[in-house]
Colleague: 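The structure is given below, and queries will be raised subsequently.
So you know, we letter chains A, B, ... as the sequences are listed, proteins then strands, and number each from 1.
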Amino acid sequence: MSSFVLITFVGWKKSLSIGVMDINYNELERRWSAKWEEKGLYKVTEDTTRPKYYVLDMFPYPSGAGLHVGHPLGYVASDIVSRYKRLKGFNVLHPMGFDAFGLPAEQYAIETGTHPAITTARNIDYYREQLKKIGFCYDWYREVQTSDPAFYKWTQWIFMQLFNSWYDFRLNKAADITTLVDLLQSEGSASLVAAGTCEALFSAADWQAMDVAAQQNFLMQFRLAYLDHAEVWWCEALGTVLANDEVKDGVSERGGHPVERIRMRQWFLRITEYADRLLEGLNHLDWTDSMKEMQRNWIGRSEGASISFALKDSTASIEVFTTRPDTIFGATFMVLAPEHELVADITTDEQRAAVDTYLQYVKTRSERDRQAEVKTVTGQFTGAYAVHPFTGKDIPVYIAEYVLAGYGTGAIMAVPSNDDRDRAFAEKFSLPIIEVVDQSAYPQAAREDKIGVMAHSDFLNGMEVKDAIAAAIDHIESKGIGKRKINFRLRDAGFSRQRYWGEPFPVVYREDIPYLLSEDALPLELPDVEAYKPGGQAKSPLAALHDWVNLPDGSTRETDTMPGYAGSSWYFLRYMDPKNPNRFVGEAAEKYWRSVDLYVGGTEHAVGHLLYSRMWQKFLFDRGWVSEEEPFKKLVNQGMIQGVSAVVSRVKLHGIALSRINVEIFLSKNVSDDYKKGEISDLELLDLIDQMEPITGPGNREFVGELELNLTEGIHLPIQFLNGDIFDYSSYVKSVNSIFHALFVPDSDGIFRVDLVVEKMSKRYGNVVNPDDVIDQYGADCFRMYEMFLGPIDASKPWDTKGITGVSGFLRKLWRLMVDDAGQLKVEDTPPAAGDLKILHRCILKVEDDVERLSFNTAVSAFMIAVNGLTESGCRSKAVMEPLLIILAPFAPFITEELWSMLGHTESVHRAAWPKGDPALLVESSFNYPVSINGKVRTNVEFPLDMPKADMEQATLALDVVLKWTEGKAPKKVIIVPGRIINIVI
RNA sequence: GCCGAGGUGGUGAAAUGGUAGACACGCCGGAUUCAAAAUCCGGUCGGGCUUACACCCGGUGUGGGUUCGAGUCCCACCCUCGGUACCA
């Protein structure tokens, strides 16, 4: 597929007819865009006379494919809210920028040698141009780019503050590391040990006697940005470290080379210190429950106990964390994570070879594979035994991939009676199972549910699980073998990448000890490199720059760079004061804008970005640099717009020569299905191909015996040539370059059909729809409204351009409501008819309610209903048209501005005030009640709304239809809900 | 596997526990037109019955339950999508 070129989107474009009364959207939109820009209509300042409102979009990563129709879904929604709030009198901050560091630009650089800065700048220009066409009210003066040194200077600065801070247990917040040094200086580590934050006990004198390296190593255990070791995917063949995304099925996605986990020293952020506050803070946020739930589960707070198991014939012990200390008598073996530090020590000589083999296997396994694997249990006995702390029995120690080094202590006491994976493991390795919880009273209960009565458990026997947990912990504590503990699933965040295109660390090493640069050395700019492909073992390309790495004073620079989420963890603050050279955000601006009132973005960021941002904000808050502890008050997730792909099968021939080389043979759906089912034989298929283009070469058919047909499924064809499921292959072949030869084998009716598959919109699938093309044909207003009309903002759905004609028709209808065929304004300064006022006010109230609820699709239909109604009634009243234009302006900013100015206004419609809807105009005096018999609607009857229930009941029972059903008998019950329904039960 | 979301006509969807399918697309029929585009009018969940008006039965992924009444609430299951710690 490498030889075909993607061509611009023209397939569904029809010629646009512009009649006398047609609106030239493109001209109109260009004209108003220019005027707004000239007047600075969307420029925002800190205006203390008006209440502020901060509406933020998750900024995009500018990929080479440009914006597709899925991106603007959330942007249109937030733009509508921004404009609506402005009409409501708020001073609205609505900025946009670019998340500009990232892997794709670097990968492109490796392939082509183009500097990522060049690709990125180009992509950003294209994105910005596309965004501007859609008519967003962004204040472009405030644009930020995370790869801009003026921006990442402050990313580096915040990293330095994290490095220079520790989490002060006394204040329960971050504090300057010097306060820790003062503490150690004056009293040693006693209070730290008491607080459980470190184990080494030493005095003030001991501290003072330590050398620099020892002191720094100690402080490293407390810094919020710190060095530790972690594993990365290493691919020897490619010579690079790979992202999880780049590893598929245990091999590199590019090239299919072997990969393995290797351990490296890297930077981390101590987000776990914030686990409790990140959890608690959720309670005060206006986010969806599902989003909060995902964060809660990610943080994963669990209460239990840590217990120490002594090893037989050894001084070492294994510490485990368990949420089920009550089941300790059911612990019949132990399992260590394969990476556990004790593994090498405790493995016996007889088991060493087997353990090593198993460790090799685990190195090729991703964490996800390890957790997802439930069908086949794997593990290996180490030869070592632990001593059960209560029974004194020997229990074997295994290693197994299902135990992860990063969770808890990296070791478990396995209780096969009450844990599914332990159970499966015990069964596979024939280990004893002791049923310690009698759940016979709870037939519905699962093995892992915390209900039942304890059995075979010595002093716990007869207790309910809940009580047994408490009793077991008490006992464990009194025996001194463990203690009550709260554990979090959340792990500290890896902050190093062995990559080029990221923020350099403002760090140098002397004697292997990291030191920060001075603040005036910031920004530490990313230097140019010769090659983007890493040279040395798992090092970033920066490591090859010897002059840059090795400083004259003998120190060396950190060569890793920061991850993608570094810049995105605080960019929302920079928008408040984007050009400030002296501070990451100026104090006055920060105190005015404070935090984001509405944040719109995809669920894919539910835990990553949203958790890191919250941590950074809390840290900056602790240190007194910002005034709010949470960055995003309200959060809304937009759904994903998927593409519809054209998927076919491709066949390759071996052992036969075609008239041309490099021919791709595609099979139409029915042909391919029949072939797969065996209803078409190899020979028949070959015949079909032969009909398309004669197979030449030595003896053709005689070669059939050696012929090999290779079917590849799931090949994507570009959707531009698609009409329904029919693929116009002759146009497609004409459109691509001459090197590409393709043979299309159609169905028996001569038509080539594809499988339609709904999936992520992506360049690689050839299913991308570009908003530019939609706007060229229908205009930005139409595009915006159609995106909203597609469905609820948070729902995912496939894009289909066909339906857009409905919205297009609506905009024309709106235009014709106010402008006649000759282009003359029809609107008159006459008093509005009562019916028209009712239509208008119903619309105002509905749209207002819908925008507040972010239900934009129903707001669009409310506009359609209003315009249909006003068209039907022949309304011409200015008093109706003007408010209608104002409420529609957030959705369709261009056409409303044009009509508004035609009505004689010199000030922009976007500076108008939202009209007040009057509910009194909508009050009805009667209601047409549905009458249902046993819940099924049988007829309708109209009653005044103030009619007494008894009268309604009497009148309803006398209806012919009702009499037919009741057969004259008295009903069992009559339910009357005023203004709703009448239900008769017989 | 685990966590989260979703499943309603041919399609996108609507519906504070109260007339399922608003608003649109598509399709069918008609008006207008030399013709087309555009526009306008009517029809459009399935089945039964009827010359017709009407009427009846079934219907919101599957199976149960709560309720006068369930797309909506509860239980179990199936399928699709997002995340799963280095894609962004």
Colleague: Using the benzene-type ring in the case of Trp, are the ring centres of Phe425(A) and Tyr402(A) under 6.0 Å apart?
Modeller: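 Distance test on ring centres: under 6.0 Å, yes.
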Colleague: What is the distance, to the nearest angstrom, from the CG atom on Asn637(A) to the P atom on G6(B)?
Modeller: 12 Å
Colleague: Compute whether any side-chain donor of one residue and acceptor of the other, for Ser855(A) and Thr858(A), lie under 3.5 angstrom apart.
Modeller: yes
Colleague: Does a donor on one side chain sit under 3.5 Å from an acceptor on the other, for Ser613(A) and Trp570(A)?
Modeller: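 Ser613(A) vs Trp570(A): no donor-acceptor pair found between side chains.
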Colleague: Would you indicate which nucleotide in U16(B), U19(B), G4(B) comes nearest to any side-chain atom of Ile981(A)?
Modeller: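 Nearest to the side-chain atoms of Ile981(A), counting from C-beta on, is U19(B).
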Colleague: Any side-chain N or O of Arg853(A) below 4.0 angstrom from OP1/OP2 of U16(B)?
Modeller: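 The answer is no; no side-chain N or O of Arg853(A) sits under 4.0 Å from OP1 or OP2.
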Colleague: If you assign Asn928(A) and Gly935(A) each to the RNA chain B nucleotide with the nearest heavy atom, which residue ends up on the more 5' nucleotide?
Modeller: Asn928(A)
Colleague: Taking any heavy-atom pair under 4.0 Å as a contact, classify Ile865(A): base, sugar-phosphate, or nothing.
Modeller: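 Since only primed, P, OP1 and OP2 atoms lie under 4.0 Å of Ile865(A), the category is sugar-phosphate.
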Colleague: Tyr786(A) OH to G26(B) P: how many Å, rounded?
Modeller: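 So the OH-P distance, Tyr786(A) to G26(B), works out to 10 Å.
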Colleague: Can you build the contact string for nucleotides 81-88 of chain B? Use B for base contact, S for sugar-phosphate-only contact, and - for no protein heavy atom under 4.0 Å.
Modeller: -BSBBBBB
Colleague: Could you measure between the two C1' atoms, the one in G65(B) and the one in A15(B), and give it in whole Å?
Modeller: 24 Å
Colleague: Assign a letter to each nucleotide of nucleotides 55-60 of chain B from its 5' end: B, base within under 4.0 Å of a protein heavy atom; S, sugar-phosphate only; -, no contact.
Modeller: SSS---
Colleague: Indicate whether any N or O donor in one side chain lies under 3.5 Å from an N or O acceptor in the other, for Thr871(A) and Asn868(A).
Modeller: no
Colleague: Apply the syn/anti split at 90° from 0 to G42(B) and say which one it is.
Modeller: anti
Colleague: Take atom P in C45(B) and the same atom in A20(B), then report the distance between them in whole Å.
Modeller: 14 Å
Colleague: Thinking salt bridges, do Glu367(A) and Arg491(A) make one under a 4.0 Å N-O criterion?
Modeller: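 Yes, Glu367(A) and Arg491(A) are salt-bridged.
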Colleague: Would you mind telling me which residue lines up with the more 5' stretch of RNA chain B, Leu790(A) or Ser861(A), judged by nearest nucleotide?
Modeller: Leu790(A)
Colleague: Return the nearest nucleotide to the side chain of Val937(A); candidates are G18(B), C3(B), U19(B).
Modeller: U19(B)
Colleague: When rounded to the nearest Å, what value does the distance between C1' atoms of G29(B) and A70(B) take?
Modeller: 38 Å
Colleague: Taking atom types as modelled and ignoring hydrogens, do the side chains of Asp99(A) and Ser568(A) form a donor-acceptor contact shorter than 3.5 angstrom?
Modeller: no
Colleague: In terms of side-chain heavy atoms of Thr805(A), which of C68(B), G26(B), A5(B) is nearest?
Modeller: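 When the side chain of Thr805(A) is considered, G26(B) is the closest of C68(B), G26(B), A5(B).
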Colleague: Sticking with atom P, work out how far U80(B) lies from G26(B), rounded to a whole angstrom.
Modeller: 31 Å
Colleague: Would you kindly give the CZ-to-C1' distance between Phe856(A) and A14(B), to the nearest whole Å?
Modeller: 17 Å
Colleague: Using atom C1' of each nucleotide, how far apart are C2(B) and A85(B) to the nearest Å?
Modeller: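 The answer is 14 Å between these two C1' atoms.
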Colleague: Rounded to the Å, how far apart are Asp800(A) CG and A13(B) P?
Modeller: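 Taking atom P of A13(B) as the reference, CG of Asp800(A) is at 11 Å.
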Colleague: When the distance from CD of Glu872(A) to C1' of G42(B) is rounded to whole Å, what number comes out?
Modeller: 14 Å
Colleague: So Phe789(A), base contact, sugar-phosphate only, or nothing? Heavy-atom distance under 4.0 Å.
Modeller: base
Colleague: Judged by modelled atom types alone, do Glu401(A) and Thr378(A) share a side-chain donor-acceptor pair under 3.5 Å?
Modeller: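 Yes, side-chain donor-acceptor contact under 3.5 Å.
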Colleague: Taking the same atom, P, in A14(B) and in A31(B), what whole-Å distance lies between them?
Modeller: 36 Å
Colleague: Distance only, no hydrogens: is a donor on one side chain within 3.5 Å (strictly under) of an acceptor on the other, for Asp492(A) and Thr272(A)?
Modeller: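 Side chains of Asp492(A) and Thr272(A): pair found under 3.5 Å.
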Colleague: Can you tell me the distance, in whole Å, between the CD atom of Glu787(A) and the C1' atom of A24(B)?
Modeller: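 Checked: the CD to C1' distance equals 16 Å.
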Colleague: Walk me through whether Asp849(A) and Lys846(A) qualify under salt bridge (Lys or Arg N to Asp or Glu O under 4.0 Å).
Modeller: CA-CA 5 Å; Asp849(A) 187 52; Lys846(A) 170 78 174 154; 5.8 Å; no
Colleague: Say you pick atom P in C41(B) and the same atom in A52(B); how far apart are they, in whole Å?
Modeller: 27 Å
Colleague: Please determine, by modelled atom types, if Asn244(A) and Trp233(A) share a side-chain donor-acceptor pair under 3.5 angstrom.
Modeller: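 There is such a pair between these side chains.
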Colleague: Check whether any side-chain heavy atom of Val636(A) lies under 4.5 Å from a side-chain heavy atom of Tyr599(A), and answer yes or no.
Modeller: no
Colleague: To the nearest angstrom, how far is Met291(A) atom CE from G4(B) atom C1'?
Modeller: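 After rounding, the reported distance stands at 8 Å.
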Colleague: Assign Lys292(A) to base, sugar-phosphate, or nothing according to its heavy-atom contacts below 4.0 angstrom with the strands shown.
Modeller: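 No contact.
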Colleague: Given pairs defined as Watson-Crick or G-U wobble with both distances under 3.5 Å, what dot-bracket annotation applies to RNA chain B, with ( ) intrastrand, [ ] crossing, | other strand and . unpaired?
Modeller: (((((((..(((.....[....)))((((((.......))))))((((......))))..(((((..]....))))))))))))....
Colleague: Are side-chain N/O atoms of Ser926(A) and Glu942(A) paired as donor and acceptor at under 3.5 Å?
Modeller: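 Per modelled atom types, Ser926(A) and Glu942(A) side chains form a pair under 3.5 Å.
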Colleague: I need the CG-P distance between Asn940(A) and A20(B), as an integer number of Å.
Modeller: 10 Å
Colleague: Step through the shown structure and confirm whether more than 12 heavy atoms of other residues, nucleotides or ligands are within 6.0 Å of NZ on Lys760(A).
Modeller: no
Colleague: For Glu246(A) and Arg499(A): C-alpha separation, side-chain torsions, deciding distance, then whether salt bridge (Lys or Arg N to Asp or Glu O under 4.0 Å) applies.
Modeller: CA-CA 14 Å; Glu246(A) 300 174 294; Arg499(A) 294 284 175 176; 3.1 Å; yes
Colleague: Report which part of the nucleic acid Pro798(A) touches: base, sugar-phosphate, or nothing (heavy-atom distance under 4.0 Å, all strands).
Modeller: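 The answer is nothing, as Pro798(A) stays clear of every strand by at least 4.0 Å.
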Colleague: How far, in whole Å, is A22(B) from G46(B) if one measures between their P atoms?
Modeller: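 Going atom to atom, P in each nucleotide, I get 13 Å.
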